[in-house]
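Computed from heavy atoms alone, side chains included, the values below leave out hydrogens, waters and symmetry copies.
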Amino acid sequence: MPLPAPFRVFSPPSAAASAGPAGAQRALIYGRRAPLAGALLFFSIGAVGAAAVACRTGCSFSHRRLPFLGARGLSSARMESASTTVPSIVVYVTVPNREAGKKLSQSIISEKLAACVNIVPGIESVYWWEGKVQSDAEELLIIKTRESLLDALTEHVKANHEYDVPEVISLPITGGNSKYLEWIKNSTGKN
């Protein structure tokens with residue numbers, strides 16, 4: 001009986017047939033190596049290709065999935081040492097207009113509750129409020145600060161914001177330019 005095509009890679013059908021059952025057995029054993037080797041090669045190339053894509057896009061996928069390739073150079077810098085950086089966050093706060101955004105941003109920076117506030121104009125917020133869907137033009141504040149200052153920052157926003165329930169949402173910064181992360185640490189309060 002002829003072997004399926006994947007198993008005939010190392011032994012031609014005529015050699016297997018002329019050697020009898022032992023030849024067919026040998027072809028089966030040696031033939032299985034080719035698909036396995038091919039699969040390993042395919043996945044190896046795929047892993048390197050994925051790492052190359054991860055490097056180009058700047059995501060840290062390669063570090064988490066391909067530790068044998070090393071963290072350096074394949075993903076953004078991690079928060080390396082407590083001596084140069086501190087756990088940092090990005091905080092989103094929406095405001096009704098540019099004037100309110102500038103006023104709140106300046107008070108946050110003056111109090112050293114953040115190192116930087118970006119004001120992003122022209123966002124449209126659609127949300128559920130008081131039993132119905134609302135829609136408003138707003139501006140977004142993107143605030144970079146220390147994680148330890150979140151409670152003080154939240155209280156400051158609540159005390160100085162026009163809204164009854166202002167948005168204060170924080171996201172962790174898990175990596176980035178270590179010099180920038182060090183600047184966040186040096187530009188904020190000592191809490």
Are side-chain N/O atoms of S125 and E138 paired as donor and acceptor at under 3.5 Å?
->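 Yes.
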Set of residues satisfying side-chain contact (heavy atoms from CB on, under 4.5 Å) with respect to E162, sequence neighbours excluded =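 Residues passing side-chain contact (heavy atoms from CB on, under 4.5 Å) with E162: P96, A100.
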According to the side chain to side chain donor-acceptor pair (under 3.5 Å) rule, which pairs have a member within [range], sequence neighbours left out?
range            : result
residues 89-102  : T94-E167
residues 127-137 : E124-S135, Y127-D136
residues 108-121 : N118-K144

Option passing side-chain contact (heavy atoms from CB on, under 4.5 Å) with I143 (candidates L153, L104, V90) |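 Testing each of L153, L104, V90 against I143, the sole residue satisfying side-chain contact (heavy atoms from CB on, under 4.5 Å) is L153.
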V91 and side-chain contact (heavy atoms from CB on, under 4.5 Å): which partner among L150, I169, I108?
-> L150
Could you note down all residue pairs passing salt bridge (Lys or Arg N to Asp or Glu O under 4.0 Å) where residues 148-161 supplies at least one of them, sequence neighbours left out?
->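 Found E155-K158.
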Mind checking what makes side-chain hydrogen bond (donor to acceptor under 3.5 Å, both in side chains) contact with Y180, not counting sequence neighbours?
->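 Checked Y180 against side-chain hydrogen bond (donor to acceptor under 3.5 Å, both in side chains); zero matches.
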Output all residues satisfying side-chain hydrogen bond (donor to acceptor under 3.5 Å, both in side chains) with S187, sequence neighbours left out; order by chain, then residue number.
->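 Only W183 meet the side-chain hydrogen bond (donor to acceptor under 3.5 Å, both in side chains) criterion with S187.
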Which heavy-atom pair separates I184 from T145 by the least distance, and what is that distance?
-> CG2-C, 3.8 Å
So which pairs with a foot in residues 146-170 pass ring-ring contact (aromatic ring centres under 6.0 Å, His included), sequence neighbours left out?
->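 Residue pairs passing ring-ring contact (aromatic ring centres under 6.0 Å, His included), neighbours aside: H161-Y163.
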